[in-house]
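Before any comments, here is the structure.
From a predicted model like this one, the values you see are computed outputs, not experimental measurements. The sequence lines fix the lettering, A, B, ..., with proteins before strands; numbering per chain opens at 1.
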Amino acid sequence: WKDIVHDHSSTWLATWIEKITGKRKYVWLHDSAVLRQSNDKEKYDKAKKLEKYIGKVQKQIIRIMLNSNNINQKKIATVCYLIFKLAMRVGDEKDPDEADTVGASTLRVEHIKFPEKDGKQFIEFNFLGKDSVPWQKTLEVNSQDTRGLYNNLKLFMNGKEHNSPIFDKITSSKVNMFLRNIDPKNVPGLTAKVFRTYIATKTVKEELSDPKIRVDKNSPEVEKIYVMKMANLKAAITCNHKKGIDPKNPASRKALEKFEEALRNKEESIKRIRSDIAAKKWKTEIQKKRLEDRLVKLEMQLKLQKETRDYNLGTSLRNYIDPRVMRAWLNYVQLDWRKIYTTTLQRKFKWVDDYSNSKLKEFYPIREETPLQEMKIVHNES
DNA sequence: AATGAGACTTGGAAAAATTTTT
DNA sequence: AAAAATTTTTCCAAGTCTCATT
């Protein structure tokens, strides 16, 4: 024992420096601990505040990005724009002996290109993010703010070496300082990571309120799950939660082959069922119905498997999507939330149990039909 | 303002558990 | 009932952000 500490506001139970690596280690409280629960809730509340005042925050970032004469302010606002627009991480400074990964503020000249195609201009990002996951997105220059971003990037990159930082002198703490001061009254404690929570949750909300397949409480369960997973996938894509398919690694190569074979097998059995149905290989109507249900289910699963192949849905469900939004929707379609959240996640999100159905309506992702009379008195604020 | 250690969140992958197929 | 496929849980490294110190 080094010391015995009594601190009820602390999330760790023990900490020490590991001899071999020299790194600090912790024993943390469990996800279900009261303290962890309230921290988690706070995180999502913060993101909700950002959602409420995003218009103002966005305006301020863009205004400074476009108009500031102070080059450092301009740089900071440009970094914020990338975080807000593309859900980039902020990119803390790192030791040179750690893996060479970057975020918005640590981008280098080599990470951005400006391709043109059919007379259109694009900004192309290509770098390694957290855990060396490839981060590749391309943005079209097609609005006043993307034009501003384009001009700024060119300005900051002008005359610089391939490997020099674009936003030199800008650190993550400066970025966070800037964010904190945008609207401290309405969005207190705004930092870079809040944007990822906000964006992921918003993405899910939008997808659930307008899914490819319409679902309601009477829809079959597979369809409900499909819609939920697609929303989850969209969030995973915006957060860049890619699943490791590294073509250089023979192990993942093999995994890919296996995956493709599994797909083929599924396709086979779908065909089989289909021909069974066509051949009227059923004796009763109930049997026929069962066969058809099985077909629909298999088809959905296959589609899902194909579409989610390269993405890891777990991370966004665990860390980014406000569980209250998901639960409100699950209530709406009358799907038990235990079908979506595993036991571990149910434990983690135990704090949501405090919300009554009516309280959850506040997070309801379904746009309710607006009566015509009401629409007349709606004004456009901007 | 800059630095750096400490505290807490997020990440993919490995391992384990469970379900499905043969 | 074994094997294979899939899902869930665990693991711990890699991030972000805060706070104290200079």
Side-chain angles (χ1 to χ4, degrees), chain A residues 5 7 9-18 21-31 33 35-36 38-40 42-44 46-47 72 83 87-95 97-106 128-135 169-177 179-180 189-197 200 225 229 236 239-246 249 251-252 255 258-259 261-263 265-266 268-269 272 294 297-298 301 304-305 308-321 338-348:
Chain A
V5 181
D7 181 353
S9 67
S10 171
T11 35
W12 57 265
L13 294 168
T15 178
W16 68 95
I17 305 280
E18 199 182 61
T21 57
K23 289 199 173 146
R24 181 170 287 276
K25 298 280 176 170
Y26 291 88
V27 176
W28 301 108
L29 283 174
H30 190 258
D31 272 349
L35 195 57
R36 294 287 301 274
S38 64
N39 285 353
D40 204 37
E42 230 168 278
K43 174 182 84 179
Y44 289 111
K46 218 186 242 184
N72 279 335
I83 289 167
M88 277 188 196
R89 296 186 188 84
V90 63
D92 247 355
E93 41 290 327
K94 308 177 68 186
D95 284 343
D97 58 318
E98 289 176 292
D100 178 25
T101 62
V102 298
S105 72
T106 45
L128 296 183
K130 182 177 177 182
D131 291 307
S132 298
V133 173
W135 203 105
K169 305 260 181 351
I170 305 305
T171 63
S172 61
S173 63
K174 283 182 182 171
V175 173
N176 281 335
M177 190 114 67
L179 289 172
R180 237 193 300 278
L190 180 60
T191 59
K193 77 192 268 289
V194 183
F195 282 87
R196 280 168 69 81
T197 313
I225 290 174
K229 293 261 177 183
C239 291
N240 201 240
H241 292 142
K242 287 205 187 126
K243 223 189 267 184
I245 290 169
D246 178 5
N249 180 347
S252 69
K258 256 195 159 174
F259 174 85
E261 197 184 324
L263 284 191
N265 286 343
K266 278 237 167 76
E268 283 294 311
S269 43
R272 218 168 32 237
R294 215 163 104 66
K297 194 170 170 184
L298 265 174
Q301 279 177 348
L304 211 52
Q305 206 168 17
T308 61
R309 185 187 76 182
D310 301 336
Y311 288 91
N312 174 0
L313 306 198
T315 303
S316 47
L317 193 65
R318 173 158 84 108
N319 297 307
Y320 287 104
I321 299 163
R338 288 172 299 194
K339 299 257 170 169
I340 296 300
Y341 290 95
T342 64
T343 356
T344 347
L345 282 185
Q346 288 166 41
R347 233 175 284 140
K348 178 179 162 89

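- By the salt bridge (Lys or Arg N to Asp or Glu O under 4.0 Å) test, A:Lys94 pairs with no residue at all, sequence neighbours left out.
- For A:Tyr341, the ring-ring contact (aromatic ring centres under 6.0 Å, His included) partners two or more places apart in sequence, or in a different chain, are A:Trp337, A:Phe349.
- We find that CG of A:Leu128 is positioned 16 Å from P of B:dG11, with the value rounded to whole Å.
- In this structure, NZ of A:Lys348 is placed 14 Å from P of B:dC8, rounded to the nearest angstrom.
- Across all strands shown, A:Trp28 has heavy atoms under 4.0 Å from base atoms, whether or not it also approaches the sugar-phosphate.
- Under the rule for a salt bridge (Lys or Arg N to Asp or Glu O under 4.0 Å), the partners of A:Arg36 that lie at least two apart in sequence or sit in another chain are A:Asp31.
- Following rounding to the nearest Å, A:Leu313 (CG) and B:dG12 (C1') show an atom-to-atom distance of 13 Å.
- Between B:dT9 and A:Arg36, a contact under 4.0 Å exists linking OP1 or OP2 to a side-chain N or O.
- OP1 or OP2 of B:dG11 has at least one side-chain nitrogen or oxygen of A:Tyr320 nearer than 4.0 Å.
- Listed nucleotides B:dG12, C:dT9, B:dC8 differ in distance to A:His241; the shortest reach to its side chain belongs to B:dG12.
- Nucleotide B:dC8 holds its P atom 14 Å from the CG atom of A:Asp31, rounded to whole Å.
- Of the candidates B:dG12, B:dC8, B:dA7, B:dG12 carries the atom nearest the A:Asn312 side chain, counting heavy atoms from C-beta on.
- For A:Lys229, the NZ atom sits in a loose shell: 12 or fewer heavy atoms of surrounding residues, nucleotides or ligands are nearer than 6.0 Å.
- At whole-Å resolution of the value, CH2 in A:Trp16 and C1' in B:dA5 are 17 Å apart.
- Contact annotation: A:Thr11 side-chain N/O to B:dC8 OP1/OP2 distance is under 4.0 Å.
- With sequence neighbours excluded, no residue satisfies salt bridge (Lys or Arg N to Asp or Glu O under 4.0 Å) with A:Asp131.
- Every salt bridge (Lys or Arg N to Asp or Glu O under 4.0 Å) that A:Lys43 has, sequence neighbours left out, goes to A:Asp40.
- As a whole-Å value, the separation of A:Lys169 NZ from B:dT3 C1' is 17 Å.
- Phosphate proximity of B:dG12 to A:Thr315: present, with a side-chain N or O under 4.0 Å from OP1 or OP2.
- Side chain of A:Trp12, nearest nucleotide from B:dC8, C:dT9, B:dT10: B:dC8.
- Regarding contacts with the backbone of B:dA2, every side-chain N or O of A:Thr171 stays at 4.0 angstrom or more from both OP1 and OP2.
- Between C:dA5 and A:Gln305, no contact under 4.0 Å exists linking OP1 or OP2 to a side-chain N or O.
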### Task
Can you check each nucleotide of nucleotides 11-22 of chain C against protein heavy atoms at under 4.0 Å and return B for base, S for sugar-phosphate only, - for none, in 5' to 3' order?
--SBSBBS----
### Task
List the steps, then state whether side-chain contact (heavy atoms from CB on, under 4.5 Å) holds for A:Leu128 with A:Asp100.
CA-CA 8 Å; A:Leu128 296 183; A:Asp100 178 25; over 6 Å; no
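- Residue order along DNA chain B, read from the 5' end via each residue's closest nucleotide, puts A:Lys174 first among A:Arg24 and A:Lys174.
- Rounded to whole Å, atom C1' of B:dA2 lies 14 Å from atom CD1 of A:Ile170.
- Heavy-atom contacts from other residues, nucleotides or ligands closer than 6.0 Å to CZ of A:Arg24 number more than 12.
- Contact annotation for A:Tyr26: base contact, defined as any heavy-atom pair under 4.0 Å involving a base atom.
- For A:Tyr311 and B:dT10, the OH to P distance is 20 Å, given to the nearest whole Å.
- For the pair A:Met177 and A:Ile17, nearest-nucleotide mapping onto DNA chain B gives the more 5' position to A:Met177.
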